[in-house]
Q: 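Following this message is one structure expressed as structure tokens.
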Amino acid sequence: MNVGNQELIGYLRQMIVIRHFEEKVDWLFARGKIMGTSHLCVGQEAIAVGACAALRTEDYITSNHRGHGHFIAKGGDPKKIMAEIFGKATGYCKGKGGTQHMCCTEVGHLGSNGITGGQIPIATGIAFAIKYNRESKVVICFLGDGATNQGIFHEALNMAALWKLPVVYVCENNRYAMSTPVQEGLSVEHIAERAAGYGMPGLIVDGNDPLAIKETVVRAVELAREGKGPSLVEAKTYRLLGHSKSDPRQYRTKEEEKAAWKNEPIRRFVDFLKKQKAIGDDELKKIEADVQAEIEAAVEYAENSPLPGLEVAFEDIFVYSNEAAQ
């Protein structure tokens, strides 16, 4: 895949934005600046960036509880995402969605989801609507390895394959479903093997290589856009932090984590770009400084934003009425 230097640097910058954003959220939670919980995607940045790079602006994504990176990669504004996490009125969902339930139709992000696998039928339904309306759009559904053991995963994939829906299921196999190692919850060696049961392509890709991810997802997106149905992409990666902010990670060794940090996507991509002479140390330092300033500005924006009024509790509510439908 031919990619120019500026595009490569753009991918790197996006990954660094996601990394700094997540690390800042972790820092803020640790100091009681924001409440609730957080599920961070440190170590998985390449998947969000590579997969979203395969989409057009008008295409859609759905996401899971670990979704900040997907949102940023699809075009979300870190300031408004941070404000949503703070529960402020300037957030994407007016502070009502929080870290696990935010969306923005303008950039094609149709929602993260706090229910394991909850985004899978939503993505499948959106893909049905696209086909029904004869549009040339595609949906990417981001999910974790744990979600592939949910019943809805199998029902949705069967339906999507049966009706040849334009959806690509991108499984971020980060090796742990909370604390359960993936091999203890999987009856086959690779999650992608499950695709064969539904008659769709099952593709495996290095989840720490944004270019490999983009190339793989482009193939799947092209099939979907051509009316040839869905694909399941398994991106093998590693969750460098805990499942959530309260996870002490006692189920894995320090040696395992140390090896994973050596293979993390940003370090690897920087090394690749330097070998390609696409970036130098000075430009890299400038990117780091610019991103750091961007994230600090996002925190300042969130902290200075107002809390939502009580009236917003009764806004943006959908109620289906049989009487209204008749």
Side-chain angles (χ1 to χ4, degrees), residues 1-28 40-57 59 61 63 66-85 92 102 104 106-109 140 142 170 172 205-218 235 237-238 240-241 261 263-302:
M1 179 177 292
N2 293 322
V3 182
N5 285 353
Q6 288 307 116
E7 190 172 349
L8 292 172
I9 292 170
Y11 297 158
L12 174 63
R13 191 185 191 284
Q14 268 196 320
M15 288 196 291
I16 292 174
V17 169
I18 295 169
R19 174 70 58 86
H20 279 276
F21 185 94
E22 296 291 71
E23 288 178 340
K24 193 65 178 181
V25 169
D26 193 40
W27 186 91
L28 291 163
L40 306 178
C41 66
V42 174
Q44 301 177 208
E45 299 88 353
I47 301 173
V49 171
C52 288
L55 294 177
R56 299 173 183 169
T57 303
D59 291 329
I61 67 168
S63 180
R66 204 177 305 282
H68 305 155
H70 306 142
F71 202 167
I72 291 171
K74 192 60 175 71
D77 183 348
K79 289 193 302 182
K80 296 180 72 173
I81 298 173
M82 188 69 76
E84 184 63 34
I85 295 172
Y92 272 109
M102 63 175 85
C104 176
E106 286 79 7
V107 300
H109 178 30
I140 282 182
F142 290 102
V170 176
E172 299 178 288
V205 64
D206 180 352
N208 289 355
D209 182 346
L211 298 183
I213 295 160
K214 180 182 178 183
E215 184 174 6
T216 302
V217 175
V218 161
T237 184
Y238 192 89
L240 292 171
L241 301 184
W261 275 102
N263 189 47
E264 62 94 1
I266 294 177
R267 177 193 295 214
R268 276 181 49 179
F269 201 52
V270 166
D271 290 343
F272 168 76
L273 293 183
K274 285 184 174 180
K275 288 178 182 177
Q276 297 293 314
K277 300 190 184 302
I279 196 170
D281 289 335
D282 290 343
E283 187 172 7
L284 183 59
K285 288 178 182 177
K286 185 178 186 308
I287 290 172
E288 287 278 358
D290 289 347
V291 169
Q292 188 67 43
E294 181 180 352
I295 300 306
E296 291 301 328
V299 174
E300 184 178 359
Y301 175 80

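Sequence positions, counted from 1, serve as the residue numbers for this chain.
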Q: Compare every heavy atom of Lys74 with every heavy atom of Val107, then report the nearest pair and how far apart it is.
A: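 The pair with the smallest heavy-atom distance is O-NZ, 2.7 Å.
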
Q: Is there a side-chain contact between Ile61 and Phe71, using heavy atoms and a 4.5 Å cut-off?
A: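 In short, these two side chains do not touch, never coming nearer than 4.5 Å.
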
Q: Side chains of Asp206 and Arg268, heavy atoms from C-beta outward: is any pair under 4.5 Å?
A: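 The answer is yes, as the side chains (C-beta and beyond) meet within the 4.5 Å cut-off.
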
Q: Could you tell me if the side chain of His68 sits less than 4.5 Å from the side chain of Ile18, heavy atoms only?
A: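 Counting from C-beta outward, Ile18 and His68 never come under 4.5 Å.
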
Q: Can you name the side chain to side chain contact (heavy atoms under 4.5 Å, CB included) partners of Trp27, sequence neighbours left out?
A: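 Side chain to side chain contact (heavy atoms under 4.5 Å, CB included) list for Trp27, sorted by chain: Lys24, Arg31.
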
Q: If you look only at pairs with a residue in residues 284-293, which of them pass as a side-chain hydrogen bond (donor to acceptor under 3.5 Å, both in side chains), with sequence neighbours excluded?
A: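 Listed by first then second residue: His20-Glu288, His20-Gln292, Lys286-Asp290, Gln292-Glu296.
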
Q: Parallel, tilted or perpendicular: which fits the ring planes of His70 and Phe142, with parallel below 30° and perpendicular above 60°?
A: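 Judged by the thresholds at 30° and 60°, the geometry between His70 and Phe142 is parallel.
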
Q: Specify the closest pair of heavy atoms between Ile213 and Gly207, including all atoms of both residues, with the distance to one decimal.
A: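 For Ile213 versus Gly207, the nearest heavy atoms are CD1-O, 3.5 Å.
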
Q: Could you tell me which residues satisfy side-chain hydrogen bond (donor to acceptor under 3.5 Å, both in side chains) with Tyr238, sequence neighbours excluded, listed by chain and number?
A: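 With neighbours one apart ignored, the set is Arg252, Glu256.
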
Q: Can you name the residues that form a side-chain hydrogen bond (donor to acceptor under 3.5 Å, both in side chains) with Asp281, not counting sequence neighbours?
A: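 Residues passing side-chain hydrogen bond (donor to acceptor under 3.5 Å, both in side chains) with Asp281: Lys274.
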
Q: Please find the pair of heavy atoms, one from Arg267 and one from Trp261, that lie closest to each other, and give the distance.
A: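 For Arg267 and Trp261, the tightest heavy-atom pair comes out as NE-O, 3.8 Å.
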
Q: For Asp77, check side-chain hydrogen bond (donor to acceptor under 3.5 Å, both in side chains) against everything at least two apart and list the hits.
A: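 None.
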
Q: Drop me the distance from Ile266's CD1 to Glu45's CD, to the nearest 0.5 angstrom.
A: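 Between atom CD1 of Ile266 and atom CD of Glu45 there are 4.5 Å.
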
Q: Tell me, do Leu12 and Leu284 make a side-chain contact under 4.5 Å, heavy atoms counted?
A: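 They are in contact (side-chain heavy atoms under 4.5 Å apart), so the answer is yes.
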
Q: Residues in side chain to side chain contact (heavy atoms under 4.5 Å, CB included) with Glu84, at least two apart?
A: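 Side chain to side chain contact (heavy atoms under 4.5 Å, CB included) check on Glu84 returns Cys93, Met102.
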
Q: For Phe269 and Leu8, work out which heavy atoms get closest and say how close.
A: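 That closest heavy-atom pairing would be CE2-O, 3.4 Å.
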
Q: With a sphere of 6.0 Å drawn around CD of Glu7, does it hold more than 12 non-hydrogen atoms of other residues, nucleotides or ligands?
A: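 Check passes, neighbour count above 12.
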
Q: Should Phe272 and Leu211 count as side-chain neighbours, where that means a heavy-atom distance under 4.5 Å?
A: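 A side-chain contact under 4.5 Å exists here.
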
Q: Within the 4.5 Å heavy-atom criterion, are Asn208 and Glu264 side-chain neighbours or not?
A: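 A side-chain contact is absent here, since even the closest heavy-atom pair is not under 4.5 Å.
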
